[in-house]
Amino acid sequence: MRVLLVNDTEKPIGELREALLAAGYEVLQEVASASTLLKAVESLQPDVVIVDVESPSRDTLEQLAVMHRHAPRPVVMFSGDSDDQLIRAVVGAGVTAYVVDGLAPARLAPIIQVALARFEQQSHVRRKLDEVQQQLLDRKQIDRAKGLLMEKRGMSEGEAYAALRQQAMKQGLKLADVARQIIAMAELLG
């Protein structure tokens with residue numbers, strides 16, 4: 001498993017690097033600050049990102065949120081700060097495991113496994129949500145296209161749906177794609 005280390009603190013990160021290597025992880029180059037995090041994740045393609053901070057800064061949280069949107073990865077954060085609001089902000093930025101005060105090498109592998117499992121679960125939920133949102137959008141566009149056909153061509157709802165369906169089959173497209181074509185054409189023609 002490939003691990004990207006982000007050292008956003010003045011303390012040396014050698015102990016963490018050694019613990020990861022001893023646990024059998026491939027440790028990629030270290031990122032000195034969170035400002036280059038997205039670029040490093042996109043180029044190095046780590047399986048997990050580990051951030052070591054005294055207390056995560058607003059910049060670190062913003063960079064983690066950007067990474068979470070554009071190149072999501074499981075993120076484990078070791079920190080010395082146990083503030084409740086900060087923990088909520090950290091989780092909101094996409095951190096999957098937040099560990100306060102200290103690193104015991106024996107605990108490292110289970111912490112990473114929990115972060116991976118939680119990330120997979122969140123990814124599954126996110127994919128399902130995206131699917132449902134797309135289905136809702138498709139349904140709205142189909143209804144809008146049916147409405148246009150009913151208004152412009154004097155069709156009943158059933159006839160409009162049948163016309164959409166027939167056109168989709170004729171073109172080898174999804175019903176929603178045909179609906180988008182009809183909406184775009186109606187907007188073009190006014």
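The model shown is predicted, which means the values in this text are computed figures rather than measured ones.
- Counting heavy atoms of neighbouring residues, nucleotides and ligands inside a 6.0 Å radius, atom CD of E26 exceeds 12 of them.
- No side-chain heavy atom of V99 sits less than 4.5 Å from a side-chain heavy atom of M77.
- Here CD1 of I142 is found 9.5 Å from CG of L137. Values are rounded to the nearest 0.5 Å.
- Listed for the T96 side chain is no donor-acceptor partner under 3.5 Å among the backbone atoms of P74.
- Here the OG-OH distance, from S156 to Y161, works out to 13.5 Å after rounding to the nearest 0.5 Å.
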Requested in this report: Show your working on side-chain contact (heavy atoms from CB on, under 4.5 Å) between V41 and R73 and close with a plain yes or no.
Outcome: CA-CA 8 Å; V41 167; R73 296 288 188 283; 3.9 Å; yes

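- Between V3 and V49 the shortest side-chain heavy-atom distance does not fall below 4.5 Å.
- Donor-acceptor pairing under 3.5 Å is recorded for the side chains of Q134 and D138.
- When side chains are defined from C-beta on, Y25 does not count as touching V48, because their heavy atoms never get closer than 4.5 Å.
- Within 6.0 Å of CD in E62 there are more than 12 heavy atoms belonging to other residues, nucleotides or ligands.
- By the 4.5 Å heavy-atom criterion applied to side chains, I50 and I112 are counted as neighbours.
- Using a 4.0 Å cut-off between a side-chain N of Lys or Arg and a carboxylate O of Asp or Glu, R17 and E30 qualify as a salt bridge.
- Under the 4.5 Å side-chain heavy-atom criterion for ILVMFWY residues, a single connected hydrophobic cluster contains both L86 and V6.
- At most 12 non-hydrogen atoms from other residues, nucleotides or ligands lie less than 6.0 angstrom from NE2 of H124.
- Proximity of a side-chain donor or acceptor of T60 to a complementary backbone N or O of P56 within less than 3.5 Å is not detected.
- In this structure, CG on D47 lies 5.5 Å from CE on M1, to the nearest 0.5 angstrom.
- Using a 4.5 Å cut-off between side-chain heavy atoms of Ile, Leu, Val, Met, Phe, Trp and Tyr, with links allowed through other members, I182 and M169 fall into different hydrophobic clusters.
- Linking Ile, Leu, Val, Met, Phe, Trp and Tyr residues whenever their side-chain heavy atoms come within less than 4.5 Å places M155 and L164 in a single cluster.
- Summarising the local packing, CD of Q85 is surrounded by 12 or fewer heavy atoms from other residues, nucleotides or ligands at distances under 6.0 Å.
- Within a 6.0 Å radius of CZ in R2, other residues, nucleotides and ligands contribute more than 12 heavy atoms.
- In this structure, the side chains of L64 and V95 come closer than 4.5 Å at one or more pairs of heavy atoms.
- Taking CZ from F78 and CD1 from I111, the interatomic distance works out to 4.5 Å, rounded to the nearest 0.5 Å.
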Could you walk me through whether K146 and E159 satisfy the side-chain contact (heavy atoms from CB on, under 4.5 Å) test, starting with their C-alpha distance in whole Å, then the side-chain angles of each, then the deciding distance to 0.1 Å, before giving a yes or no?
CA-CA 9 Å; K146 282 191 315 188; E159 291 169 333; over 6 Å; no

- Please lay out, stage by stage, how L5 and L16 fare under the test side-chain contact (heavy atoms from CB on, under 4.5 Å). CA-CA 9 Å; L5 291 178; L16 179 55; 3.8 Å; yes

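- Of the candidates R139, K140, Q141, R139 is the only one forming a side chain to side chain contact (heavy atoms under 4.5 Å, CB included) with D143.
- By the 4.5 Å heavy-atom criterion applied to side chains, V76 and V51 are not counted as neighbours.
- No more than 12 heavy-atom neighbours from other residues, nucleotides or ligands sit within 6.0 angstrom of CE on M185.
- Judged purely by atom type and a 3.5 angstrom limit, S79 uses its side chain to pair as donor or acceptor with the backbone of E54.
- Checked by atom type and distance alone, the side chain of E151 never pairs as donor or acceptor with a backbone atom of L148 at under 3.5 Å.
- Here NZ of K152 is found 9.0 Å from CG of L189. Values are rounded to the nearest 0.5 Å.
- You'll find the side chain of H68 stays beyond 4.5 Å of the side chain of Q63, heavy atoms only.
- How far CG of L21 is from CD of E18: 5.5 Å, rounded to the nearest 0.5 Å.
- One hydrophobic cluster, built from ILVMFWY side chains closer than 4.5 Å, holds both L61 and I87.
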- Does the pair M67 and E42 meet the rule for a side-chain contact (heavy atoms from CB on, under 4.5 Å), with working shown? CA-CA 9 Å; M67 182 200 80; E42 288 177 337; over 6 Å; no

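- Side-chain contact between Q181 and L173 is present, with heavy atoms from C-beta onward closer than 4.5 Å.
- Residues D177 and R180 are paired through a salt bridge, judged by an N-O separation under 4.0 Å between the basic side chain and the carboxylate.
- No continuous path of hydrophobic side-chain contacts links F119 to L20 [ILVMFWY only; heavy atoms under 4.5 Å].
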